[in-house]
Amino acid sequence: QLQLVESGGGLVQPGGSLRISCAASGSTLDLYTIGWFRQVPGKEREGIGCISSSGLTGNYVDSVKGRFTISGDNANNTVYLRMNSLKPEDTAVYYCAAQWAPYSSFCSVLDADNYKYWGQGIQVTVSS
């Protein structure tokens with residue numbers, strides 16, 4: 001059973017950077033598509049980006065494209081979300097999630113129900 005644990009959230013000033021880690025246990029992440037989602041209280045969960053199991057494809061929503069980058073470290077069985085040029089509207093609880101998809105070069109966060117495994121979430125606050 002795959003388990004995911006996020007770390008690295010916190011408070012950052014507008015314009016700053018932060019990296020969130022998503023560490024996996026119970027299986028290897030290179031067999032899964034990894035998606036990143038975020039949620040603000042009172043709003044629906046939003047998919048913001050993903051990386052395919054092959055590591056060859058990354059997709060991002062327009063609101064974070066060019067600022068956020070997802071990368072994988074197979075040696076440490078960890079996926080990272082690097083966030084640059086952070087804005088107050090990026091404040092949310094961030095979740096990593098995994099979808100079983102070995103040897104795939106495709107990923108999407110359009111349907112969160114496709115992701116079976118979820119981390120516990122971690123708070124990111126962008127404020128001066």
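What you see is a predicted model; the values in this text were computed from it and never measured.
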Does any non-hydrogen side-chain atom of Met83 lie less than 4.5 Å from one of Val124? yes
Okay, side chain of Glu6, backbone of Gly121: is any donor-acceptor separation there less than 3.5 Å? yes
Please identify each residue that fulfils salt bridge (charged side-chain N to carboxylate O under 4.0 Å, His left out) with Lys116, with sequence neighbours left out. none
Is there a donor-acceptor contact under 3.5 Å from the side chain of Ser85 to the main chain of Arg67? no
What's the spacing between Gln99 CD and Asp113 CG if we round to 0.5 Å? 11.0 Å
Counting heavy atoms not belonging to Glu44, are there more than 12 under 6.0 Å from its CD? no
Quick check for you: to the nearest 0.5 Å, what is the distance between Phe37 atom CZ and Glu46 atom CD? 10.0 Å
Check: Asn74 side chain, Leu29 main-chain N or O, donor-acceptor pair, under 3.5 Å: no
If you compare all heavy atoms of Ser128 against all heavy atoms of Pro14, which two are closest, and at what distance to 0.1 Å? N-CD, 3.7 Å
Disulfide (SG to SG under 2.5 Å): pairs with one or both residues in residues 54-126, sequence neighbours excluded: Cys22-Cys96, Cys50-Cys107
Side-chain contact test, heavy atoms from C-beta onward, threshold under 4.5 Å: evaluate it for Ile51 versus Trp36 and give yes or no. no
Determine whether a donor-acceptor pair (N or O, by modelled atom type, separation under 3.5 Å) exists between the side chain of Thr91 and the backbone of Val126. yes
Report the distance from atom CG of Leu86 to atom OG1 of Thr125, rounding to the nearest 0.5 Å. 11.0 Å
Looking at CD1 of Ile34 and CG of Leu81, how far apart are the two atoms once the value is rounded to the nearest 0.5 Å? 12.0 Å
Testing the 3.5 Å rule here: is there a donor-acceptor pair between the side chains of Ser105 and Ser54? yes
With a 4.5 Å heavy-atom cut-off, do Ser127 and Leu11 have their side chains touching? yes
Examine distances only and state if a side-chain atom of Asp73 and a backbone atom of Thr78 form a donor-acceptor pair shorter than 3.5 Å. no
Would you call Arg38 and Val64 a side-chain contact if the rule is heavy atoms closer than 4.5 Å? yes
Out of curiosity, Tyr80 OH to Thr69 OG1, how far, rounded to the nearest 0.5 Å? 14.5 Å
Check: Ala92 main-chain N/O paired with Gln39 side-chain donor or acceptor under 3.5 Å: no
Let me confirm one number: the OG-CG distance from Ser25 to Leu4, rounded to the nearest 0.5 Å. 8.0 Å
Would you call Tyr32 and Ser27 a side-chain contact if the rule is heavy atoms closer than 4.5 Å? yes
Not counting sequence neighbours, which residues clear salt bridge (charged side-chain N to carboxylate O under 4.0 Å, His left out) with Asp62? List them please. Lys65
Side chain to side chain contact (heavy atoms under 4.5 Å, CB included) partner of Phe68, the single match among Ile20, Asn84, Ile48: Ile48
So, the side chain of Ser104 versus the backbone of Phe106: is there a donor-acceptor pair under 3.5 Å, distance only? yes
So, does Ser53 use its side chain to make a donor-acceptor pair with the main chain of Thr33 at under 3.5 Å? no
